> 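Below are the structure tokens for one structure; questions will follow.
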Protein chains: 2
Amino acid sequence: VTPTVGIVGGGQLARMLLPAAARLDLAVTLLADPSDSAVPFCRDVVPGIPDAQGLRRLAERCEVMTVEHELVDLEVLAELQAAGTEVRPSPAALGVAVDKVRQHELLGDAGVPTAPWAVATTSGEIDAFAIDHGWSLVLKRPRGGYDGRGVFVVSDREQAAAVLTEVAGPLLVEPALPIECELAVLVARRPGGELVVYDPAETVQADGMCREVLLPAPIDAALAAEARDVARTAAMTVGSVGVLSVELFVVDGHVVLNELAARPHNGGHPTIEGAVTSQFENHLRAVADLPLGNPAVRAPTAMVNVVGEARDPRERLAVALEIDDVAIHLYGKAYRRGRKLGHVTAVGPDLSQARDRAGRAAALLMRGSAG
Amino acid sequence: VTPTVGIVGGGQLARMLLPAAARLDLAVTLLADPSDSAVPFCRDVVPGIPDAQGLRRLAERCEVMTVEHELVDLEVLAELQAAGTEVRPSPAALGVAVDKVRQHELLGDAGVPTAPWAVATTSGEIDAFAIDHGWSLVLKRPRGGYDGRGVFVVSDREQAAAVLTEVAGPLLVEPALPIECELAVLVARRPGGELVVYDPAETVQADGMCREVLLPAPIDAALAAEARDVARTAAMTVGSVGVLSVELFVVDGHVVLNELAARPHNGGHPTIEGAVTSQFENHLRAVADLPLGNPAVRAPTAMVNVVGEARDPRERLAVALEIDDVAIHLYGKAYRRGRKLGHVTAVGPDLSQARDRAGRAAALLMRGSAG
């Protein structure tokens, strides 16, 4: 009755999709490495990588295919789609989501506010942009960047030239903006166009990596409405199916586009406990073309990532579980400094108290003390 | 750091334990039939039945063993425990939980209120009990009964004799009580004795099968406290580890013992969405000897079972998902009339509204209409 869903990837996003699949009784097949985070909780795993062979083998085992990361061969996905496998989001939508330049072109044309931007492959092009907009600049690789990788802040032409030497190919150039905060707005969209927009979440970054998420973002209602409108426009323009995460900067009290991810997203993890319907359940409902669930926030919710620091968080699980009223999520990944290994969510009664509880539990997991 | 947990059984209780295991990063191995409900969501499955061979193979793969049903060879479990596998709950505790006569003896001695009861193997013994307590009587098989099976209400000696003919072995005999309502009180208990007691839930039965659960039970505070005290006493007396479900009748405004289950229980399903910590997470925390989570109820919660009626609930999933703010849980079991195939939970704002929402979604799944 419901389709078998093939998920490309076996990371923590797949791991968190599985309980929602169980509730809805969706059959799931993963294309994953046997050591991946989600594998212990899925019976049907195609071992492999998302190359042509792996994707074809997954396609043979499912009726609908979705992705939990962007490192996928889109040409092969397009072939599989042409051969009859439903690919949701479509290869075309994924093509936009993996390319910051195409996002800026396409969404800018659709009226989504962007910072001034250009594409540069030479020092001269960067200099020309700096003459109009001043230094400092942010140079971004159009593809493959995440958690701060592929993003370079440069304050003069020498630094810019050094980046050009290091990075082959064109760069997206933007002014270094006076960012007030960063938002993530999730949109779940079905093949026929039905969509739901979550409340904006504030994503708090350190060293380019998301450290905390506050849901709803503590911003005024007008700005929240602006962010939701932009996210809805982005999802309709891209034609995404499943969850699209629209990441925005707030500059001078208004949103501008940062980037997109066409999958569940770290900024949406608080929805597991904090929203009527989680991003994971709504991703699957959208991908399986089932009616979408209410995205409303139940109560102010804070999430703190557990990033590898002084110790393996598994060693301190028993201590962290002493903190009352938090949801600890460990991803089963090998400990490495700087690696996201889990997250902690706390719901209510207000953002401040939720943030305190989640932060204390995460600190115990990361450092062994809450100080 | 945390032990590998072997679960005897692959039904819906195991299926609902798995997401909690994933969050806590507990490795899980199931002893299950490949067609069982939980198998699609667990990588490491020992295919088999809980006979000596199956249990021994599971023991080789885990450090702690627990059960999700009672149909287990307790002598083999005791051997495995003696050989070094932690069995939680212990075979001794399971031995009490599977035998209604032993429950009445042991808990009665510990001060848990019971109805008048006797053990009878002959018509004469039943008659003698009826002379003291009058007809009608309830005759119960001490072992193996569930969902109303093994329970017989008889109104005279002929009916009693017919049951004796049908059922081999002794029966637990009780008066047919004027039951005001039925309660389930869950206690999660660690090996060292730390325990938490959930608020009593009301379980609403039809044809001997649980149909609805209301959490907290709509009873006065004194009765709720009495029920919690009885459940705590039961857990301490039995020496259970993991979740013990203490099922009680309310008669003349006070509780009397119905029966025990030494595992997560249908009466605890509302805790997934409605309590700070679900029965499934606390079962695993107890079994893995980790600190227990807060059992407090977040908001009034209603659960309605999805029992096989006119159609396979999977056929009507899309329709039922149109009901706002319900959590639909399907168990992936083949459709059969009268079989529990899933449940629907709704949280808040009050029991009446939650019951209405959950009931409408369950009706759509069972019958295709909410009427």
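Being a predicted model, the structure only gives us computed values, none of them experimental.
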> In terms of heavy-atom pairs under 4.5 Å, which option from A:D312, A:D325, A:I328, A:T2 contacts chain B the most?
A:D325
> Filter on salt bridge (charged side-chain N to carboxylate O under 4.0 Å, His left out), then keep only pairs touching residues 267-281 of chain B, sequence neighbours left out; what's left?
B:R23-B:E281, B:E281-B:R285
> Heavy-atom distance under 4.5 Å to chain A: side chain of B:R314, backbone, both or neither?
both
> Among residues 290-306 of chain A, which ones touch chain B with a heavy-atom distance under 4.5 Å?
A:L290, A:P291, A:N294, A:R298
> With a 4.5 Å cut-off on heavy-atom pairs, point out which of B:R43, B:M16, B:E315 contacts chain A the most.
B:R43
> Which heavy atom in A:L24 sits nearest to a heavy atom in B:L330, and how many Å separate them?
O-CD1, 4.2 Å
> With a 4.5 Å cut-off on side-chain heavy atoms, are B:K333 and A:D25 touching?
no
> Please classify the contact of B:V326 with chain A as side chain, backbone, both or neither, using a heavy-atom distance under 4.5 Å.
neither
> Select all residues of residues 26-41 of chain A having any heavy atom within less than 4.5 Å of some heavy atom of chain B, and report them by number, or 'none'.
A:L26, A:V39, A:P40, A:F41
> In terms of heavy-atom pairs under 4.5 Å, which option from A:L18, A:L321, A:I323 contacts chain B the most?
A:L321
> Would you mind telling me which of B:P19, B:C42, B:G332 has the largest number of heavy-atom pairs within less than 4.5 Å of chain A?
B:C42
> Just wondering, more than 12 heavy atoms not from A:R339 lying within 6.0 Å of its CZ?
yes
> Report the residues that fulfil side-chain contact (heavy atoms from CB on, under 4.5 Å) with B:E63, sequence neighbours left out, ordered by chain and then residue number.
B:P3, B:T4
> Between A:V319, A:D44, A:V276, which residue shows the highest count of heavy-atom pairs closer than 4.5 Å to chain B?
A:V276
> Assess whether atom CZ of B:R311 is packed by more than 12 heavy atoms of other residues, nucleotides or ligands within 6.0 Å.
yes
